[in-house]
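Beneath this line is the structure, given in structure tokens, with notes to follow.
Proteins come first, then strands; the chains are lettered A, B, ... in the order of their sequence lines, and each starts at number 1.
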There are 2 protein chains.
Amino acid sequence: MAIQNHELKKAGLKVTLPRVKILQMFELTDGGHLSAEDIYKALQDSGEDVGLATVYRVLTQFEAANLIRKHNFDGNHAIYELASEEHHDHMVNVQTGDVIEFVDPVIEERQHQIAAEHGYEIVEHSLVLYVKAKS
Amino acid sequence: MAIQNHELKKAGLKVTLPRVKILQMFELTDGGHLSAEDIYKALQDSGEDVGLATVYRVLTQFEAANLIRKHNFDGNHAIYELASEEHHDHMVNVQTGDVIEFVDPVIEERQHQIAAEHGYEIVEHSLVLYVKAKS
DNA sequence: TTTACTGCAAACTGTTTGCAGTAAA
DNA sequence: TTTACTGCAAACAGTTTGCAGTAAA
């Protein structure tokens, strides 16, 4: 039994084909930034008969279980990625759609300072750089 | 004739009631961060008979004319604000929905450096801190 | 055998579009 | 008078939900 199955059980989820396949997909996909449609189509292509509604349900459950995280890089559709322990931000190549991850301690630090200066504490944050190849 | 009318004409847009009212609304609303629904409802409340589709069309045109900017703070609905000359980022109070603007030169600087380090240049960026009152 | 999970189709939300009528220039 | 603009209703994309059947435990 693979590692993923433990994760599913730990989250109180039955080990079913759609869940295992979707979890694998995040691990095997280069970059690991996928939309519900991406996953649905890939499952279809590999001959699995999984409904789009199930994909959405599984993604929602995975997110609730902190297995994955959800991002809204544009207003149209959500992108999911495996929840890594360490936080990171994203760069989206607007020409190719590629997503690059990065972390910058200086920025992280400043963010907390700024929130504090206004009397707040950060619950969460989202930093996305939309970039293109240098011209 | 008010200032706004010049702005509309400059953008090649006829000076119509919906457009004037909506532009005013951004200027008069405290904070000036509004969704299409916000605007639609406020117009209704003030007795103006403007359709929701028109609100969306006007917002799209205003954005194209660089009069306003569009943000996706959550995945559900877009928020618009008057386009100020100087760029700024946003803090969203998750408890109240309030939007606070801020600028930080250190963060701005680091962002460009990071993009450059990866061989990119920044087209645009989005930084949102989701905050709550300090506990 | 029990209960969670699934696929399907229908519902929903935010947004866009076609069209015939209306108003700005 | 010409042409852009508007309201309405219908269409759309992404996502969610009710339900009867299916499979994991």
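- Between the C1' atom of C:dC12 and the CD atom of B:E37 lies a distance of 14 Å, rounded to the nearest Å.
- Here B:H71 and B:H33 keep their ring centres 6.0 angstrom or further from each other.
- Look at D:dT17: its Watson-Crick or wobble partner, with both distances under 3.5 angstrom, is C:dA9.
- Dashed line: the shortest gap from a side-chain N or O of A:Y56 to OP1 or OP2 of D:dT15 is under 4.0 Å.
- Out of C:dT15, D:dT6, D:dC19, the shortest distance to the side chain of B:P18 is found at D:dT6.
- The separation between B:Y80 atom OH and C:dG14 atom C1' is 10 Å, rounded to whole Å.
- A residue-by-residue look at B:V55 and A:S35 shows that B:V55 has its nearest nucleotide of DNA chain D further toward the 5' end.
- Distances from the side chain of A:V58 to the nucleotides D:dT15, D:dT6, C:dT6 place C:dT6 closest.
- Of all nucleotides present, only D:dT1 satisfies the Watson-Crick or G-U wobble test against C:dA25, with each distance under 3.5 Å.
- Rounded to whole Å, the distance from CG on B:L17 to C1' on D:dA4 is 16 Å.
- Of the candidates C:dG18, D:dA4, C:dC8, D:dA4 carries the atom nearest the B:K14 side chain, counting heavy atoms from C-beta on.
- In this structure, CZ of A:F73 is placed 17 Å from P of D:dG14, rounded to the nearest angstrom.
- Aromatic ring centroids of A:F73 and A:H90 lie under 6.0 Å apart.
- One interatomic measurement links the two molecules: CG of A:D38 to P of D:dT15, which rounds to 11 Å at whole-angstrom precision.
- For D:dC12, the paired nucleotide is C:dG14, the pair qualifying as Watson-Crick or G-U wobble because both relevant distances are below 3.5 Å.
- Between the CG atom of B:N76 and the C1' atom of C:dT15 there is a distance of 13 Å, rounded to whole Å.
- Ring-centre distance between B:F102 and B:H88: not below the 6.0 Å cut-off.
- A:E108 and A:H87 are linked by a side-chain donor-acceptor pair at a separation below 3.5 angstrom, with hydrogens and angles left out of the test.
- When each of B:L13 and A:T16 is assigned the nucleotide of DNA chain C with its nearest heavy atom, A:T16 is the one assigned upstream, toward the 5' end.
- With distances taken from any side-chain atom of B:V50 to the nucleotides D:dG7, D:dT17, D:dA25, the minimum falls on D:dG7.
- B:R69 has no carboxylate O lying under 4.0 Å from a charged side-chain N of B:E63, or vice versa, which leaves the two without a salt bridge.
- Distances shorter than 4.0 Å separate some side-chain N or O of A:R19 from OP1 or OP2 on C:dC5.
- Between the CG atom of B:L52 and the C1' atom of D:dC5 there is a distance of 16 Å, given to the nearest Å.
- Distance A:L59 CG to D:dG14 P: 15 Å, rounded to the nearest Å.
- Of the candidate nucleotides C:dT15, D:dT17, D:dT6, D:dT6 has the atom nearest to the side chain of B:R57.
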